[in-house]
Amino acid sequence: MQISADFDSGNIAVIDTSNPENVLLAIRPDTKSGHFQWFHFKVDELEEGKHYGFSLTNASQSSYPNAWDGYNVVASYDQRSWFRVPSQFAEGALNFELDVQASKVWFAYFEPYSRARHDCLIEDARTLAGAELVATGKSIEGRDIPLLRIKRHSQASRKIWIIAQQHPGEHMAEWFMEGVIERLQSNGDEEMETLLDQAELYLVPNVNPDGAFHGHLRTNMAGRDLNRAWQSATEAETPEVYFIQQQMREIGVDMFLDIHGDEEIAHVFTAGCSGNPTFTPRLAALEEEFGRRLIEHGAEFQTLFGYAPQQFGEANTSLAANSVGMEFDCLSLTIEMPFKDHDDRPNPQTGWSSARSKQLGKDVLSVASAMVDHLRD
């Protein structure tokens, strides 16, 4: 048996492989940070049909230990089709077993979104969806952070921003962006024609490419949580956020969506800006309408479970949604997807998945289309 994680988004440390029915592993923490939860590794040289067991021995010490309750590992034999493996959190470890059907298998916390696929997504956005590369930021390690604009009509005046994967282990966020870009490639889509008659879309599919590449859960290469840096961004430590803020201030923002994944809550939900000192009844009505329209559209979304609303004036304005909502007086939301499953529509085979993330991205565009004409009323 050979276990490796020396690849894009890989993360694991091998402790003991002497017993193939109880292989002992540990998740590595983020660079310059104590955060850890994301894992992704390959097991090679296996005997087909044989039973193997694995134990992530430091699961109880992870950033969100409650996340392991009700969670099942994802696995793949080809890195294209992923399925859930029944998993148990016991005695501080996450344990899972599999009768393997091939000589190698990949395990991960969620379906990974690779840098190679990201590059293809940017190319598809430009060649198939008509996106323009407005500007390119740079991560700490020099990876590109493309800002895409989709503009179809000169009279379109609203500016809608969607950014994803500030937290690098939340790979469902870039799958969501792939769904957005796929829908924008279609012709004869009346909802998209309505949207693009009135709005320009600004898309950042992966805000934290370094963290994603190195298998981080939450931080960039300076050990900074980018979604806690929106009041203190610098070119030295958080250039990813600094770049986006500079572009926003030049372009303007009428609607902002920040796409994330939540480790613990097995539901799709939004978090709004009710705690901002600038929050108004107009913004409250827009937030309510956004959620209501998603439900009416039939999207995998609900409003019963989520974060407790913050009291007026008590918001953490270092978060992207709060910061942008306050600065631009606009509808500004965090969209959260689960690492587990959407318990309102459970799917034991896949749990929450890349396909479901993509569909949510497409559904959100329908809501944006329905709301674009009154974002500033």
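Worth knowing before you read on, the calculation uses all heavy atoms, side chains too, and leaves out hydrogens, waters and symmetry mates.
- Trp106 and Phe41 are members of different hydrophobic clusters when ILVMFWY side chains are connected at heavy-atom separations under 4.5 Å.
- Considering every non-hydrogen atom in both Pro168 and Asn208, the closest pair reads CD-ND2, 3.4 Å.
- Note that CD1 of Ile145 is 6.5 Å distant from CD1 of Ile244, once rounded to the nearest 0.5 Å.
- Residues Thr303 and Arg292 bring no donor and acceptor atom of their side chains to less than 3.5 Å of each other.
- Under 3.5 Å, the side chains of Glu174 and His118 contain a donor-acceptor pair of N or O atoms.
- Contacts classified as ring-ring contact (aromatic ring centres under 6.0 Å, His included) and involving residues 249-297 (residues at least two apart or in different chains) are given here: His167-His260, His267-Phe305, Phe269-Tyr307.
- Identified under the salt bridge (charged side-chain N to carboxylate O under 4.0 Å, His left out) test for residues 359-377, with sequence neighbours left out: Glu182-Lys362, Asp254-Arg376.
- The existence of a salt bridge linking Glu264 and Lys340 is excluded, since no basic side-chain nitrogen approaches an acidic carboxylate oxygen closer than 4.0 Å.
- Using modelled atom types and a 3.5 Å distance limit, the side chains of Thr219 and Asp30 yield a donor-acceptor pair.
- With no hydrogens or angles considered, a side-chain donor-acceptor pair links Glu200 and Tyr202 at under 3.5 Å.
- What you find for Glu263 and Ala67 is that their closest heavy atoms are O-CB, 3.4 Å.
- Pairing each heavy atom of Ser332 with each of Ala320, the nearest pair is OG-O, 4.5 Å.
- Judged purely by atom type and a 3.5 angstrom limit, Asp99 has no side-chain atom pairing as donor or acceptor with the backbone of Gly49.
- If you check the side chains of Ser63 and Gln37, you find no donor sitting under 3.5 Å from an acceptor.
- Distance check: Met172 CE to Asp262 CG gives 9.0 Å after rounding to the nearest 0.5 Å.
- If you take OG1 on Thr334 and CG on Asp258, they are separated by 5.0 Å, rounding to the nearest 0.5 Å.
- Looking only at atom types and distance, the side chain of Ser323 has a donor-acceptor partner in the side chain of Gln231 under 3.5 Å away.
- Within a 6.0 Å radius of CG in Asp78, more than 12 heavy atoms belonging to other residues, nucleotides or ligands are found.
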Q.
Before you tell me yes or no, could you show the steps for Glu327 and Val253 under side-chain contact (heavy atoms from CB on, under 4.5 Å), namely the whole-Å CA-CA distance, both residues' side-chain angles and the distance that decides it to 0.1 Å?
A. CA-CA 9 Å; Glu327 181 170 352; Val253 184; over 6 Å; no

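- No donor-acceptor contact under 3.5 angstrom links the side chains of Asp124 and Gln185, judged on distance only.
- Annotation: the span from Phe54 atom CZ to Leu25 atom CG amounts to 7.5 Å, rounded to 0.5 Å.
- In this structure, Phe83 has its ring center closer than 6.0 angstrom to the ring center of Tyr77.
- Salt bridge Asp210/Lys138: absent, no basic N to carboxylate O contact under 4.0 Å.
- Using modelled atom types, one finds no donor on one side chain facing an acceptor on the other under 3.5 Å when comparing Asp6 with Ser4.
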Q: Start with the C-alpha distance between His51 and Glu97, add both sets of side-chain angles, then the distance that settles side-chain contact (heavy atoms from CB on, under 4.5 Å), and finish with yes or no.
A: CA-CA 7 Å; His51 183 82; Glu97 303 173 351; 3.3 Å; yes

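- Closest approach of Ser55 and Asn22 over heavy atoms only: CB-OD1, 3.8 Å.
- Cys273 is not listed as a side-chain neighbour of Met326, based on a closest heavy-atom distance of 4.5 Å or more.
- Distance check: Phe328 CZ to Thr278 OG1 gives 12.0 Å after rounding to the nearest 0.5 Å.
- Hydrophobic clustering (side-chain heavy atoms under 4.5 Å, transitive across Ile, Leu, Val, Met, Phe, Trp, Tyr) keeps Ile265 apart from Phe339.
- By the 4.5 Å heavy-atom criterion applied to side chains, His171 and Trp38 are counted as neighbours.
- For the pair Asn347 (side chain) and Gln349 (backbone), a donor-acceptor distance under 3.5 Å is present.
- Counting only distance, with no hydrogens or angles, the side chain of Arg84 and the backbone of Trp352 share a donor-acceptor pair below 3.5 Å.
- In this structure, the side chains of Ile251 and Trp161 come closer than 4.5 Å at one or more pairs of heavy atoms.
- For Phe39, the ring pair (Phe, Tyr, Trp, His ring centres under 6.0 Å) partners are Tyr109, not counting sequence neighbours.
- Annotation: cation-pi pair Arg143/Phe213 present, NZ/CZ under 6.0 Å from the ring centroid and within 45° of its normal.
- Side-chain atoms of Tyr113 and Glu178 form a donor-acceptor pair, as typed in the model, at a separation below 3.5 Å.
- Using a 4.0 Å cut-off between a side-chain N of Lys or Arg and a carboxylate O of Asp or Glu, Lys104 and Glu45 do not qualify as a salt bridge.
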Q: Using the side-chain contact (heavy atoms from CB on, under 4.5 Å) rule, take Leu133 and Leu147 through it: C-alpha gap first, then chi angles, then the decisive distance, then the call.
A: CA-CA 6 Å; Leu133 183 62; Leu147 170 61; 5.7 Å; no

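- Contact check for Val85 versus Asn72: no side-chain heavy atoms found under the 4.5 Å cut-off.
- Side-chain atoms of Asn322 never come within 3.5 Å of backbone atoms of Thr317 as a donor-acceptor pair (strictly under, hydrogens ignored).
- Nearest heavy-atom pair across Val268 and Pro338 is CG2-CD, 3.8 Å.
- In this model, no donor atom of one side chain and acceptor atom of the other lie less than 3.5 Å apart for Glu191 and Ser369.
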Q: Go through Leu201 and Met192 one step at a time and tell me if the side-chain contact (heavy atoms from CB on, under 4.5 Å) criterion holds.
A: CA-CA 11 Å; Leu201 300 188; Met192 294 304 91; over 6 Å; no

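- The backbone N or O of Ser353 lies less than 3.5 Å from no partner atom in the side chain of Thr350, so there is not a single donor-acceptor pair.
- Residues Ser60 and Pro65 approach most closely at O-CB, 3.5 Å, considering heavy atoms.
- The only option from Ile163, Val204, Ile140 that meets the side-chain contact (heavy atoms from CB on, under 4.5 Å) definition with Glu240 turns out to be Ile140.
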Q: Evaluate the criterion side-chain hydrogen bond (donor to acceptor under 3.5 Å, both in side chains) for residue pair Arg183 and Ser366; output intermediate values, then yes/no.
A: CA-CA 10 Å; Arg183 186 165 186 194; Ser366 292; 2.6 Å; yes

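- Side-chain contact annotation: Thr31 with His216, donor-acceptor N/O pair under 3.5 Å present.
- A donor-acceptor pair shorter than 3.5 Å can be found between the side chains of Ser62 and Trp68.
- Between the side chains of Gln166 and Trp230, at least one donor N or O lies within less than 3.5 Å of an accepting N or O.
- Note: Phe7 and His40 meet the aromatic proximity criterion, with ring centroids under 6.0 Å apart.
- Atom-to-atom distance recorded for Met337:CE and His342:NE2 is 12.0 Å, nearest 0.5 angstrom.
- Using a 4.5 Å cut-off on side-chain heavy atoms (C-beta onward), Leu203 and Met177 make contact.
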Q: Start with the C-alpha gap between Trp82 and Ser354, add the side-chain angles, then the distance that decides, and say whether side-chain hydrogen bond (donor to acceptor under 3.5 Å, both in side chains) holds.
A: CA-CA 9 Å; Trp82 294 81; Ser354 60; over 6 Å; no

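- Salt-bridge annotation for Arg218 and Asp225: present, with a side-chain N of the basic residue lying under 4.0 Å from a carboxylate O of the acidic one.
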